[in-house]
Structure formats: C-alpha cells, structure tokens
Amino acid sequence: MPVHNADIAAIFEQIAELLEIQGANPFRVRAYHNAARTVSEFGREFTALIAAGQDVPHLPGIGKDLSGKIHEIATTGRCALLDRLRGELPPALTELLVIPGLGPKRVRTLHEALGVDTVAQLRAAAEAGHIRRVPGFGAKTEQRILDHLRSRPGPETRMLLPVAAQYAEALADWLRGAPQVQQLEIAGSYRRRRETVGDIDILVASDAPAPVMQRFTGYDEVRQILGQGSTRASVVLASSLQVDLRVVEPAAFGAALHYFTGSRAHNIAIRKRAQARGLKINEYGVFRGKARVAGETEESVFAAVDLPWIAPELREDRGEIAWAARAPLPRLIERADLKGDLHCHSRASDGNATLEELAAAARAAGLTYLAITEHSQRLTVAHGLDTARLLQQCEAIDALNARLDGIVLLKGIEVDILEDGQLDLSDEVLGQLDIVIGAVHSHFDLSPARQLKRLMRAMDHPHLHVLAHPGCRELGKRPPIELDWLRLVRHARRRGCFLELNAQPKRLDLTDVHARMAREEGVLVAISSDAHTVDDFNNLDYGIGQARRGWLEAADVLNTRPLDTLREVLRRG
DNA sequence: GCCGTTTTCGGCCCGACTGTTTTCAGTCG
C-alpha cells in the first residue's frame with residue numbers, strides 16, 4: 001500500500017493527540033500538529049521523492065527528528081513512536097477529544113478515574129451517573145456529554161462556500177439592522193475564501209455590545225445557544241451551521257479583524273514577529289507595554305510589525321510573512337481581470353441553455369469571449385457530441401458569431417481522456433477547433449503511475465490546450481485522483497499545455513496548492529466557470545477566490561488575455 | 001520538537017467563557 005502525505009499527516013495528528021492526553025510538553029504537541037499541516041499541504045508525495053533517492057526537503061517546523069519520522073513512515077508505513085504510544089494508552093481515547101467540553105486533560109482524568117477508553121464506555125459511565133462524581137466534573141458536564149452522544153450529528157461536515165454564504169450573509173444583514181452596529185465583517189475561513197467552511201465568524205465594532213449580542217442570539221434561525229458572554233457568543237443555526245460573534249470597540253476593529261480572520265497559524269506567526277519587536281498583539285490592538293500603538297485598521301497592525309497588508313486569502317502561514325517582509329506580494333488577480341471563459345456547456349450536451357442565451361449571459365458577466373466546450377461522444381450520459389454533431393455545432397457558432405455583438409464564441413470541446421490517454425475524437429476534427437480542453441471522467445482510481453502516464457500522454461496530443469478539472473475531485477463526494485503533481489505540472493510546461501482551475505464551487509479544481517505550483521513552474525492557469533446554466537458564470541467569483549489562495553496574478557491566468565493574444569498563445573509550437 | 005540581529009538553551013500567541021470552584025483549570029478559537 002503506498003503511503004500518501006495524508007497518511008503521514010494522520011499519523012502525526014494521532015501522535016499529537018496521544019501526547020497531549022499523556023500531558024506532554026504542549027510545544028512538542030504543537031510541533032506534531034504543525035508538521036501534520038505542513039505535510040498535508042506539501043505539493044509532492046514524500047514517498048515518490050524518497051523512492052527517487054532524494055532527501056526529505058527542508059520545510060519550516062520540520063527538523064531533524066520529524067524529517068526522520070517522515071522518512072520512516074514513507075518507507076515502512078509505520079512509526080515506532082506511534083506504536084509505543086498506542087501501547088501506553090488506548091488509541092480510541094483520541095476519539096473522545098471531538099466531544100465538546102472534553103479536552104486532553106479531562107479525557108485522561110476519565111481514563112484514570114473510571115477506566116473510560118471508548119465512546120461506548122463514556123456513554124455508559126455518563127448514563128450511570130459516574131462522571132459527575134469525578135473531581136473537576138459535575139452534573140452539567142455529564143449532561144452535556146450525554147446530550148452530544150444522544151444527538152450524535154455524524155461526522156464533522158464542512159459546508160461549500162456558496163452554501164455557507166446564504167446563511168452567513170442573511171445573518172449578517174440581520175445584525176446590520178441593529179443601530180449599534182458600526183462595522184461588520186464576516187471573518188474566518190469565509191473571508192480567506194477557503195473552499196469549505198466549518199463555521200462562520202462574525203466580527204462587529206460597536207460601543208454598545210449588549211444589544212448586538214441580544215439581537216444575535218434572538219435571530220429566528222438560531223437553534224441552540226452554545227455560549228454567551230458580554231462580547232462573545234456562539235450559536236448553532238437550524239442549518240447546523242455554527243456561528244460565532246465577537247463584538248469589539250471601533251478602535252480595536254482592525255486588530256480584531258486580523259485576529260478573527262486567521263488562520264490560526266498565520267496569527268501565531270504574526271504575534272511571534274511582534275514579540276521579537278517588543279510588542280504584543282491581541283484582538284484589542286498592538287501594544288508596547290500598556291500603550292496601544294495600532295489596531296484601528298488591519299493595515300496598522302501589519303505596519304506595526306513592518307509588513308504591508310496581506311490579503312486574507314494568503315494568510316495560511318505558507319510563507320506569506322517572510323515573502324512580504326522582503327519583497328512585494330503578488331498583485332492578486334481580481335474578477336475584473338478575466339476577459340473570457342474557456343469552458344461551458346449548452347443544451348447540445350448536458351447544459352440547459354442555448355448558445356445564444358449563454359453568449360448573452362457571458363457578455364452580461366463582463367466577458368468578451370466564451371468557449372463552447374460540450375462533452376464528447378464517449379460521455380453518453382451527458383449526450384456527448386460525435387464528429388458530425390460537433391461539426392454541426394461549429395457551423396451554428398459561426399452563424400451566431402456573425403450576429404453577435406460584444407462577445408465572440410469560440411469553437412471548442414471538452415474531449416474525454418480515455419483510460420490509456422488517447423482522446424475521444426480524431427485529430428482531424430480536433431484540429432478544426434479554436435480550443436480543445438481534455439478531461440478525465442472515468443477510471444479515477446488508476447495507480448498514481450498509470451494516472452500520470454495517462455494524463456501526460458493526453459497532453460502530448462498536439463491539439464490539446466487545457467487539462468480540465470485536473471484533480472477530478474468533488475468536494476465531500478469524490479477524492480482527487482492520485483499522482484505526482486509536480487511531474488504533471490512540469491510536463492504541461494514542456495508541452496505548452498495549460499491547467500484549468502474549474503470554478504464550480506463543488507470542484508474548485510486545481511487546489512490552491514497546485515495553482516501555486518503551476519505559477520511557480522510557469523504554467524498558465526485557465527479559470528473557467530464550467531457553466532451549464534446562464535447563472536453559472538457567477539462561479540467565476542469562487543474560482544477567483546481559489547486562484548488568489550494560490551497566489552495567482554492576472555498574468556498567471558490564461559483567460560485574462562484579450563482574444564487576439566489568447567489565439568496566439570493557443571497556437572503552441 | 002523547533003529554532004536563533006538577545007539565545008545551541010530556554011523560550012515558544014493570547015484571551016473569552018464555562019463549570020466547578022471559592023480563586024482557577026480546562027476548553028476553545
């Protein structure tokens with residue numbers, strides 16, 4: 001069984017949790033948590049690197065010991081430290097940590113006092129009334145555990161960004177109705193434009209917190225109030241979305257916004273930087289001793305630690321701080337930079353709009369060209385086009401272009417990449433099109449080596465311009481295909497191919513990490529709506545968010561070119 | 001366990017809220 005980076009990260013997470021329950025040095029615990037994150041975000045598979053005879057590369061927070069463990073896990077699939085810890089503590093104890101109110105200390109106490117090692121044993125102990133008798137516990141804690149276990153809401157679910165947006169924006173509007181609200185921002189991973197969000201963080205500036213808090217907990221979608229203080233409250237909405245509200249005075253809004261936007265790792269790094277300058281940063285401002293020296297705006301907070309403002313999408317502690325300290329950050333792409341869209345479907349395959357309707361909607365969305373890229377014949381469920389139908393559509397597009405104003409339709413196809421890397425239509429017909437995007441819609445589970453070979457072979461094809469939704473994932477449904485991404489990206493570079501960043505919120509494929517890899521390797525990215533309806537051009541906003549998380553500038557994106565430049569770029573040698 | 005314009009040792013971000021206490025530990029973000 002191949003060992004993936006995700007497997008290494010999972011082992012580090014479990015080591016961290018078991019060490020925590022053992023009461024180990026919290027900074028050692030944090031080192032393992034950090035390492036898990038770094039490993040899972042690293043662009044290449046360690047197993048592949050090591051198999052190629054290379055060393056584990058130097059990564060921040062990964063020293064001699066941890067890089068040795070990465071090597072150990074990648075080559076053996078096991079980790080001696082984890083095996084030892086599992087012998088010392090029942091591994092199932094870590095499953096208790098997800099229960100609200102139970103952290104490492106209390107889990108350990110329950111283990112020692114009551115012999116509780118599993119969720120089932122915890123439930124039995126709670127039902128028998130044993131937990132309330134343990135020192136440090138009480139009736140309320142016991143009840144809270146029981147409530148959670150009885151209402152067991154299944155595995156932790158994260159919402160797609162546009163789904164969360166509906167609930168979050170409505171609640172934000174409701175809060176803005178309070179006259180005491182002076183400023184309001186939805187912060188957290190929502191503001192960082194992560195592809196999914198686990199909860200919503202709302203920040204309000206107000207001189208009168210109490211009525212704001214009251215309005216918040218009185219919102220009619222609130223199902224449960226998890227906690228409520230004078231400046232902070234947590235609720236669960238009927239949709240199961242958790243929302244946290246924080247109210248601060250206006251003079252602290254910038255500091256609080258920075259704090260509440262995160263990511264946590266970014267915040268920690270910024271606060272460390274402040275420490276080194278004799279400053280302290282918290283949600284109330286930047287302080288030298290007791291004097292507040294900054295905090296009204298985010299810019300002032302960054303300036304206090306000698307940094308320019310860093311866009312929320314970059315705040316993941318992926319090198320943005322060191323970068324900003326020595327050079328200008330990328331000027332991140334914006335929606336207005338997009339000149340066209342290179343992927344959509346009409347009624348001819350599985351879309352539900354006509355060519356004319358799509359053209360009008362694209363023009364209304366500010367675009368000047370739109371590639372029509374139906375599925376190809378192999379995808380029968382989507383009414384994929386064979387050669388005859390494709391040529392018919394080309395004629396229809398020519399005719400339509402003659403009448404259209406302000407937008408040009410490009411003749412294209414989303415051609416299926418077959419299992420062996422061949423394309424689903426002949427060279428002859430593909431050569432007549434303006435643009436060919438290729439996509440995998442089957443055999444997602446080939447071995448990484450075969451999958452890579454398949455995609456590289458498809459890219460070798462002289463007429464293929466863009467590899468569409470390269471990871472083939474659907475968030476929450478289908479995992480990405482497995483392959484060595486750096487080799488794929490470098491092959492695209494050699495062949496003059498481009499990689500799509502599919503902007504459908506359920507896909508957002510490329511990932512942020514791979515988009516950044518493409519930029520660093522000099523491969524242009526196409527941000528495409530994959531529209532199937534006239535409303536789907538709104539997807540482009542989500543694609544832009546993902547692209548910004550991948551550090552992309554307008555110049556890194558294929559479809560920021562005006563049409564004549566685009567045509568030149570597509571004519572690859 | 002990591003890391004170094006104070007440091008190879010001794011630090012490591014910071015505060016709100018809850019429940020169980022009677023001054024605070026634990027959890028959470």
Taking A:Glu195 first and then A:Arg549, would you say they form a salt bridge - that is, a charged N and a carboxylate O separated by under 4.0 Å?
no
Report, one line per pair, each donor and acceptor closer than 3.5 Å where one atom sits in a side chain of residues 251-261 of chain A; sequence neighbours left out.
residue  : atom : partner  : partner atom : Å
A:His258 : NE2  : A:His266 : NE2          : 3.1
A:Thr261 : OG1  : A:Arg191 : NH1          : 2.8
A:Thr261 : OG1  : A:Leu257 : O            : 2.6

Which base, if any, makes a Watson-Crick or G-U wobble pair with B:dT8, both distances under 3.5 Å?
none
Parallel, tilted or perpendicular: which fits the ring planes of A:His514 and A:Trp485, with parallel below 30° and perpendicular above 60°?
parallel
Compile the donor-acceptor pairs under 3.5 Å between side chains in residues 175-184 of chain A and protein atoms, sequence neighbours left out, one pair per line.
residue  : atom : partner  : partner atom : Å
A:Arg176 : NH1  : A:Asp173 : OD1          : 2.9
A:Gln182 : OE1  : A:Asp207 : N            : 3.1

NA contact type, A:Asn282, heavy-atom cut-off 4.0 Å: base, sugar-phosphate, or nothing?
sugar-phosphate
Distance in angstrom units between A:Arg292 CZ and B:dG15 P, rounded:
13 Å
Just to be sure I understand the rule, does A:Ile281 reach a base, reach only the sugar-phosphate, or reach nothing, if contact means heavy atoms closer than 4.0 Å?
sugar-phosphate
For nucleotides 5-12 of chain B, tabulate all protein N/O to nucleotide N/O atom pairs closer than 3.5 Å, reporting atom names and distance.
none

So which pairs with a foot in residues 273-288 of chain A pass salt bridge (charged side-chain N to carboxylate O under 4.0 Å, His left out), sequence neighbours left out?
A:Arg246-A:Glu283, A:Arg277-A:Asp306
d(CZ, A:Arg277; P, B:dC13) in whole Å
15 Å
May I ask you to check if A:Arg194 and A:Tyr190 form a cation-pi contact, with NZ or CZ under 6.0 angstrom from the six-membered ring centre and within 45° of the axis?
no
Would the number of heavy atoms belonging to other residues, nucleotides or ligands and lying under 6.0 Å from CH2 of A:Trp309 be above 12?
yes
Let me know the distance between CZ of A:Arg132 and P of B:dT18, rounded to the nearest Å.
21 Å
Do nucleotides 20-29 of chain B as a string where each nucleotide becomes B, S or -: B if the base has a protein heavy atom under 4.0 Å, S if just the sugar-phosphate does, - if no protein is that close.
SS----SSSB
Across all chains, not counting sequence neighbours, the side chain to side chain donor-acceptor pair (under 3.5 Å) partners of A:Arg106 are none
Take A:His58 and A:Arg246, find for each the nucleotide of DNA chain B with the closest heavy atom, and name the residue whose nucleotide sits nearer the 5' end.
A:His58
Looking only at the side chain of A:Ser230 (C-beta and beyond, no hydrogens), which of the listed nucleotides B:dC17, B:dA16, B:dC2 gets closest?
B:dC17
